[in-house]
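Remember, it's 1-based here, ligands and their atoms both numbered in the order they're listed. Worth knowing before you read on, the calculation uses all heavy atoms, side chains too, and leaves out hydrogens, waters and symmetry mates.
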Amino acid sequence: MSDRPQGFDTLQIHGGASPDSATGARQVPIYQSTAFVFRDANHAAALFNLQEVGYIYSRLTNPTVSALADRINALEGGAGTVCCSSGHAAQIMALFPLMGPGRNIIASTRLYGGTVTQFSQTIKRFGWSAKFVDFDDLAALEAAVDDDTRAIFCESIANPGGYITDLDAVAGVANKVGLPLIVDNTSATAWLCRPIEHGATLVVNSTTKYLTGNGTVTGGAITDSGKFDWSASGKFPSLSEPEPAYHGLAFHPALGAMAFTFHSIAVGLRDLGMTMNPQGAHYTLMGIETLSLRMEKHVANAVKVAKWLEADPRVDHVTYAGLESSPYHDRMARICPKGAGALFTFAVKGGYEACVKLIDNVKLFSHVANLGDARSLIIHSASTTHRQLSEAQQIAAGAAPNVVRLSIGIEDADDIIADLDQALTAATA
Ligand SMILES: *Cc1c(COP(=O)(O)O)cnc(C)c1O
């Protein structure tokens with residue numbers, strides 16, 4: 001074998017996997033086992049001391065889940081990746097080693113609705129908080145940082161408003177203030193965008209969506225670039241100082257680029273327990289093998305549907321960065337040149353009432369609170385996923401009351417358009 005780096009399409013099939021050493025099984029077996037037998041007492045001690053990498057107990061690591069983590073790591077171009085039970089778990093796991101009571105994060109106003117709720121409400125129970133800023137206003141972003149800020153958080157392609165974050169510019173601010181940039185890459189996937197190449201420190205993914213691609217399981221992943229110096233500022237003692245929760249191991253001095261990943265396993269998964277199970281990892285491993293093929297079709301279909309909607313007189317406007325009319329179209333060329341994803345919104349003439357009628361009249365589309373399925377999905381965000389938000393937050397997140405969100409699937413584009421056409425007729429009659 002040469003040292004030539006393998007391409008994305010190869011890595012999505014082979015990354016993290018080799019024929020099973022015990023049986024030769026070509027597919028990654030589902031290691032449905034809670035615990036793994038130690039060779040002897042010394043082996044057990046070496047594993048617990050992180051001197052040797054191996055399997056102890058499936059709350060921490062499991063061979064099926066590790067294969068998926070290594071595959072996602074290869075696709076994102078990271079130093080290490082940890083899988084966990086959902087995308088929301090991944091966000092908590094990403095923040096956990098960085099935060100403490102009284103600490104805050106700066107988050108983009110353009111985020112998945114559930115993330116806005118997690119950051120504006122739930123993390124307060126830990127004594128953490130979030131300040132929401134328009135990430136197009138770099139001066140405001142920098143001004144929001146204070147001595148207690150520990151991370152900057154955004155989405156590469158923001159769900160659901162057809163927004164693309166200028167990752168290079170945001171990373172420039174993060175770099176200047178010496179803080180890690182965390183990028184949620186769920187809507188783009190590594191095939192459309194590789195946030196680490198644009199300066200991200202950590203990448204979080206909800207594997208529930210495109211990575212699995214078939215709407216079967218929830219899961220999440222945190223990929224560390226391995227490039228952030230956790231010791232430089234003294235602001236990240238869980239990583240730079242002796243960690244009392246792990247017999248005084250100083251993770252960053254001892255483990256360097258793997259510090260965050262080992263901490264996430266040895267302390268994060270061990271004590272928070274947000275573990276991905278091997279059966280779930282199996283479904284995602286099956287899906288991820290075809291990620292690039294599916295994303296290519298998702299994007300091609302989304303462009304066709306968005307163009308058709310934009311030209312339709314029953315439609316007020318379409319927010320999709322893949323359209324030349326989008327203010328974020330230029331950013332697409334730089335941040336995600338293969339396309340702006342397959343998730344966008346459009347505003348129906350006739351407002352809230354027409355949106356609800358439209359949703360009740362689609363036949364091919366499924367009305368569900370999900371995205372990134374092979375199937376085309378539709379939802380009225382303001383009355384569902386973004387219901388907990390104020391109207392101002394809804395509008396900022398691109399989920400105004402007159403707006404419908406589509407997750408374009410990989411069916412025939414003509415069938416997707418025909419379904420929207422008949423539902424728009426019913427909605428605006
Ligand atoms: C779905 C989603 C999440 C949350 O992931 P779960 O797996 O549902 O917990 C986070 N961010 C984005 C962009 C999402 O689409």
request  = Using a cut-off of 6.0 Å, state whether more than 12 heavy atoms not belonging to K307 lie near its atom NZ.
outcome  = no
Short list, please: which atoms of ligand 1 are under 4.0 Å from a heavy atom of [X]?
X    : answer
H88  : 4 (C), 5 (O), 6 (P), 9 (O)
S86  : 7 (O), 9 (O)
Q91  : 10 (C), 11 (N)
E155 : 13 (C)
S206 : 1 (C), 2 (C), 3 (C), 5 (O), 6 (P), 7 (O)
T208 : 6 (P), 7 (O)
G219 : 7 (O)

task = Identify the residue among L285, L291, I288, T284 that makes a side-chain contact (heavy atoms from CB on, under 4.5 Å) with T212.
result =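 Single side-chain contact (heavy atoms from CB on, under 4.5 Å) partner of T212 among L285, L291, I288, T284: T284.
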inquiry  = Strictly below 4.0 Å, N to O, side chains only: are D146 and K131 in salt-bridge contact?
reply    =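 Salt bridge flag = yes for K131 with D146.
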Point-to-point distance, once rounded to the nearest 0.5 Å, from CG of L47 to CZ of F36 = 11.5 Å
Among all the protein's non-hydrogen atoms, which is closest to [atom], and how far away is it?
atom                    : answer
atom 6 (P) of ligand 1  : G87 N, 3.3 Å
atom 13 (C) of ligand 1 : D184 OD2, 3.4 Å
atom 14 (C) of ligand 1 : K209 NZ, 3.0 Å

task = Report yes if some heavy atom in the side chain of T149 is under 4.5 Å from a heavy atom in the side chain of R103; otherwise report no.
result = no
request  = Find out whether L98 and L179 are in side-chain contact, i.e. whether some heavy atom of one side chain is under 4.5 Å from a heavy atom of the other.
outcome  = no
inquiry  = Under 3.5 Å between any N/O of A89 and any N/O of ligand 1: does that happen in this structure?
reply    = no
key: Aromatic centroids of Y210 and H298 separated by under 6.0 Å   = yes
task = Check each heavy atom of L371 against ligand 1 and say whether those closer than 4.0 Å belong to the side chain, the backbone, both or neither.
result =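 It is the side chain that touches ligand 1; the backbone stays farther off.
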inquiry  = Using only atom types and a distance under 3.5 Å, with no angle test, would you say the side chain of N402 pairs donor to acceptor with the backbone of A347?
reply    = no
